[in-house]
Amino acid sequence: MSQRANYYEQELDDADDLADVGLNLTIGNYGGLYEDAVPRIDEATLIAMQQHVAQQVALAQVPDVVKRFIIQFHQAILNNNLPEITACYENGWNRFTEQFYAKTEWPEAEIIAPLVNDNPVFLILYRELYYRHIYSRLAPNVDDRFHSYENSCELFNYLLNSEGPVQLTLPDQWLWDIIDEFIYQFQSFSQWRSKPKLKSEDELQMLASEAESSGGSQLWSCYSVLNVLYSLVQKSRINEYLIGVREGCSEIELVEIAGEYGSKPLYRMLGYFSLIGLLRVHVLLGDFTLALKVMENIELNQKAFFTKVTACHVATYYYVGFSYMALRRYNDAIRTFVSILNFIGRMRQYHTRSYQYDQINKTAERMYALFAICNCLSPSKLDDQILNNVKERYADQISKMSQPFTSNAFITPNPTTPITPGSPTAKASAASEALAAYSELFLFACPKFITANAPPYNDQDALTVYVNDPPEEPATRHLSLFLDDIRARAEVPTLRSYLKLYTSLDASKLAGFLEKDEEELVQLMMVMKSASRGVSRVNNEGTLLDGQMITTSDLDFVINDNMVHVVESVINRKYGGWFVRNTEHAQRVYDALKASPLPISKQTPAANAGSNTEDTKPITQDAKRTTNVPWNASTRKVEFNV
Amino acid sequence: MATPTASATREWLQPSNRPEIIDTLISGVDRYNPSNVGILEDYLYHQTRTNEYDCLANLAILKLYQFNTVLYNADVVVNILLKALTATPSPDFNLCMALLSEKIPPSGDEADSEHDPATLLPILSTLSRHLQECQFPAFWRLYQDDSLAYLRENFTVEVLGFEDGIREVVVRAVKSTFTKIGVARLGSYLNLSGDALEDFINNVGWSLDANTGTVTIPPNPDNTVQPTIIRETITLPRKCFALVPMSPHSTVELSRLIAHAT
């Protein structure tokens with residue numbers, strides 16, 4: 001254990017070295033010019049003074065309300081006053097951003113430092129907000145990207161390598177945002193870094209010298225990011241704590257299990273959010289099993305910790321759902337998406353102001369798209385409401401994805417695949433349309449995949465090669481793996497539509513329908529069989545990776561020599577949901593009626609009387625009647641019964 | 001067979017013969033330590049010699065390669081992918097490919113590019129696609145093609161039970177789809193004929209009827225199909241009905257209502 005800790009500290013030290021690189025260099029230069037030391041010092045003082053003056057001028061330009069806000073914010077953090085900090089973080093900061101800094105940076109930390117007595121902790125937190133604002137509202141330049149990394153390192157160093165746990169209290173939302181933003185900036189840097197073609201000379205220079213630094217590039221490297229997250233997990237003993245909670249340990253026992261750090265809400269939540277962060281990083285790097293593995297102690301339900309922060313709740317389900325999809329566990333993916341989309345739907349009415357609301361909505365849209373994909377691959381009738389929402393959004397793509405097409409229509413690079421001569425062009429175009437629809441939704445909805453390594457910035461020749469022959473984009477690569485899965489199942493819908501018509505038929509006859517020879521058909525049947533079986537987690541037993549083999553299709557068949565026997569499971573109509581929806585609807589109608597003003601005007605009795613005769617009834621009345629059918633119907637029914 | 005409540009993925013997540021040291025290694029943060037790659041690679045070669053399979057441990061190797069391109073060893077990658085092929089129709093092969101994202105460093109001797117293990121990756125992908133699409137005869141045709149002699153002579157020969165592993169894939173697909181299958185067809189799927197085929201059929205517990213030339217596959221959950229009707233069952237709390245007559249007030253209300261209605 002201690003060895004492991006050392007390993008990490010060492011890594012973090014490396015990161016420190018990096019931050020120091022610039023400093024060492026400057027000192028070196030001064031040393032070489034020792035003769036000139038005296039005038040140079042004067043010059044340095046002069047520069048320092050000029051900077052001081054410039055800072056004071058800049059500070060004077062900061063609006064007074066903002067100054068007061070910063071002082072108040074600082075005071076709240078000094079006093080560990082959680083409600084006050086929350087107010088500053090969630091309201092004050094956003095309000096002043098809108099008012100003064102919608103299109104420019106907040107004042108730099110050095111400028112406002114005098115207001116907060118140069119309190120280093122506050123300045124680190126301030127910079128965290130400062131850079132996050134740049135990333136979300138403006139375009140970060142190369143310096144911002146480098147410095148935001150350094151600031152993150154400083155923050156995590158302070159949290160992890162101070163003597164004992166630090167006395168700091170921050171709202172859960174902020175803690176989540178810290179982890180979330182850290183990974184976002186990592187992802188953003190990786191994507192920016194992977195495009196050497198678009199870099200200016202200066203940027204290339206900086207990236208090259210950075211890559212030359214001792215021990216390889218640390219800046220936003222996978223190792224440094226994972227180090228931070230795993231260190232937080234270990235320091236807070238969050239896994240042990242969650243196991244304790246699951247086993248029903250008492251409060252006192254839990255404090256003991258969590259230890260010095262983990263018993264503090266700050267560390268416990270950071271540890272917990274780091275697990276979610278790891279889930280995300282592993283998905284971004286394409287390691288879907290590991291992604292679900294780190295979640296093994298987190299139970300996905302409405303009582304879990306992550307529900308404390310909505311953004312975290314949504315992100316968790318998105319990445320878990322996507323991982324399931326990559327593992328071809330489409331049923332699990334569908335269940336995950338349905339659960340969170342229902343939650344978002346319910347939340348929508350309460351939660352519209354938050355600056356994260358847009359982000360949540362975007363993620364929800366992507367999950368609807370993923371749901372559409374999964375549902376085409378493994379149709380389920382889990383939730384009509386969500387299904388309707390999906391159809392509303394992606395009707396076009398769904399109809400393309402579910403139209404039958406033949407896998408032989410693809411031009412495969414493999415010469416051993418027999419290409420059916422004269423395969424109808426209509427089928428080929430259906431195939432490309434279906435694939436195009438799958439690709440479109442996948443690329444829209446997939447996570448922003450990244451590559452683990454930087455292009456060779458420190459090697460000019462290798463870099464030229466890289467620019468001329470860039471590797472495939474990570475998203476494209478994952479897409480092509482995904483499409484491989486789809487191709488294998490391409491003809492299942494066609495086959496299914498024929499099988500639905502029979503209880504038993506001869507294999508050769510079926511082959512005739514599909515314009516195939518019998519052998520091809522039999523192979524296709526085996527594909528269909530394996531596509532109708534899948535691993536799925538039943539009753540939330542075990543970890544996220546556990547599951548049982550289940551039948552995912554309502555149509556099953558078996559081949560007895562050359563005869564195909566087909567059976568279908570019938571799902572009776574679900575009344576429960578229907579009644580619930582209509583009862584809710586009736587309730588809404590009833591509430592609306594109660595809330596509307598009493599009809600006083602003279603026309604009302606006439607209109608009421610007129611409703612019996614078709615001619616005099618106003619059109620609006622008619623429209624209202626038809627929308628209220630269940631309500632009307634039920635009243636009429638009661639009358640009949642009586 | 002596993003009991004119904006046991007997880008179907010248990011053996012995949014944690015094979016029963018995975019050594020303790022590997023288990024600790026891949027469940028902790030030590031899996032990121034480049035100096036551990038040797039232990040995992042040795043374990044892979046152990047798997048190839050003993051016909052064991054541990055997907056998660058192999059993914060840990062690929063993870064180390066992903067982060068440390070200098071470690072990349074094409075031979076190891078080919079072996080991992082061969083092992084993953086035998087796990088079809090599980091997604092193992094694609095899970096491995098997803099980690100082989102980075103550009104593969106070109107190997108030293110360019111003259112021998114035909115025998116470069118890296119050029120085998122597209123071929124392995126094609127093989128995987130054949131298995132995925134249950135095109136077993138096509139799989140064997142390609143596998144035994146002259147152009148793949150290099151793969152057979154240098155790799156699959158070292159992987160104990162590779163061909164039988166592929167036959168396992170066939171067995172899984174066949175036994176879930178068929179109750180009876182023609183022996184010639186089965187032979188083409190298994191790439192076996194004559195006595196070898198008969199032995200194989202007996203070994204898996206199937207029975208061959210020499211007269212009709214069909215193989216009977218005993219019933220299993222996947223090849224016994226029966227129609228089912230799924231009904232929704234909603235249980236309403238009966239309490240609310242029981243309470244109504246017990247309250248004198250509501251009884252009065254009810255009787256008045258009835259009187260009014262009639």
Side-chain angles (χ1 to χ4, degrees), chain A residues 4 7 222-223 226 230 234 285-290 293 326-328 407 413-414 416-417 451-453 471 474 477-478 481 484-485 487-488 519 522-527 529-530 533 535 541-542 545-549 556-561 565 567-576 642, chain B residues 4-5 7-10 13 27-30 32-33 55-56 59 63 66-67 69 89 91 94-95 97-99 101-103 122 125-126 128-129 132-138 141-142 145 172-174 176-182 185 214 222-232 234 261:
Chain A
R4 215 173 269 166
Y7 179 62
C222 295
Y223 267 111
L226 288 174
Y230 276 110
Q234 290 190 336
L285 288 165
D287 199 338
F288 307 105
T289 37
L290 196 56
K293 190 97 172 56
L327 288 165
R328 297 193 204 136
S407 65
N414 161 36
T416 55
T417 315
T451 47
N453 297 297
R477 223 189 40 249
H478 285 279
L481 285 175
D484 276 349
D485 283 356
R487 279 191 192 109
E519 183 51 47
V522 168
Q523 291 173 4
L524 198 56
M525 299 288 278
M526 287 191 282
V527 171
K529 193 77 176 191
S530 84
R533 299 287 184 275
V535 177
E541 276 170 9
L545 278 169
D546 282 312
Q548 289 169 33
M549 208 41 119
D556 210 348
F557 68 90
V558 71
I559 308 177
N560 185 344
D561 207 3
H565 299 278
V567 296
E568 204 172 344
S569 354
V570 185
I571 300 174
N572 273 2
R573 186 158 181 193
K574 290 186 176 173
Y575 294 106
V642 171
Chain B
T5 47
S7 165
T9 52
R10 175 63 57 203
L13 287 174
S27 358
V29 286
D30 268 351
Y32 298 104
N33 189 341
C55 180
L56 263 55
L59 286 173
K63 186 95 205 162
Q66 185 186 30
F67 286 172
T69 34
N94 271 8
L95 292 178
M97 290 302 282
L99 285 182
S101 50
E102 315 297 318
K103 198 151 195 167
S125 292
T126 312
S128 161
R129 208 172 306 134
Q132 205 51 250
E133 299 181 20
C134 297
Q135 297 164 347
F136 302 121
R141 258 200 315 281
L142 175 61
D145 195 85
R172 279 197 289 271
V174 167
S176 64
T177 313
F178 291 90
T179 51
K180 278 198 185 122
I181 183 172
R185 175 170 286 158
T214 52
D222 288 327
N223 75 354
T224 36
V225 296
Q226 45 199 336
T228 46
I229 297 175
I230 300 161
R231 282 201 186 85
E232 189 185 32
I234 301 172

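Excluded from the calculations below are hydrogen atoms, water molecules and symmetry mates; all remaining heavy atoms, backbone and side chain alike, are included. Letters A, B, ... mirror the listed sequences (proteins, then strands); counts begin at 1. Model, not experiment: these values are computed from the prediction.
No donor-acceptor contact under 3.5 angstrom links the side chains of N94(B) and D484(A), judged on distance only.
Both the backbone and the side chain of S176(B) come within contact range of chain A, judged by heavy atoms closer than 4.5 Å. Proximity to chain A (any heavy atom under 4.5 Å) is restricted, for L13(B), to the side chain, taken from C-beta onward. Only the side chain of V567(A) comes within contact range of chain B, judged by heavy atoms closer than 4.5 Å. At a 4.5 Å heavy-atom cutoff, the contact between L290(A) and chain B is made by side-chain atoms alone. Looking at R172(B), there are no atoms closer than 4.5 Å to chain A (heavy atoms on both sides), in backbone or side chain.
Scanning all heavy atoms of the two residues, the minimum distance from V558(A) to N223(B) falls at CG2-O, 3.4 Å. Minimum interatomic distance between C134(B) and Q523(A) (heavy atoms only, all atoms of both residues): O-CG, 3.3 Å.
Distance alone, capped at 3.5 Å, places no donor-acceptor pair between the R328(A) side chain and the D485(A) backbone.
Seen from the ring of F557(A), K529(A) counts as a face-on cation partner, given the 6.0 Å and 45° thresholds.
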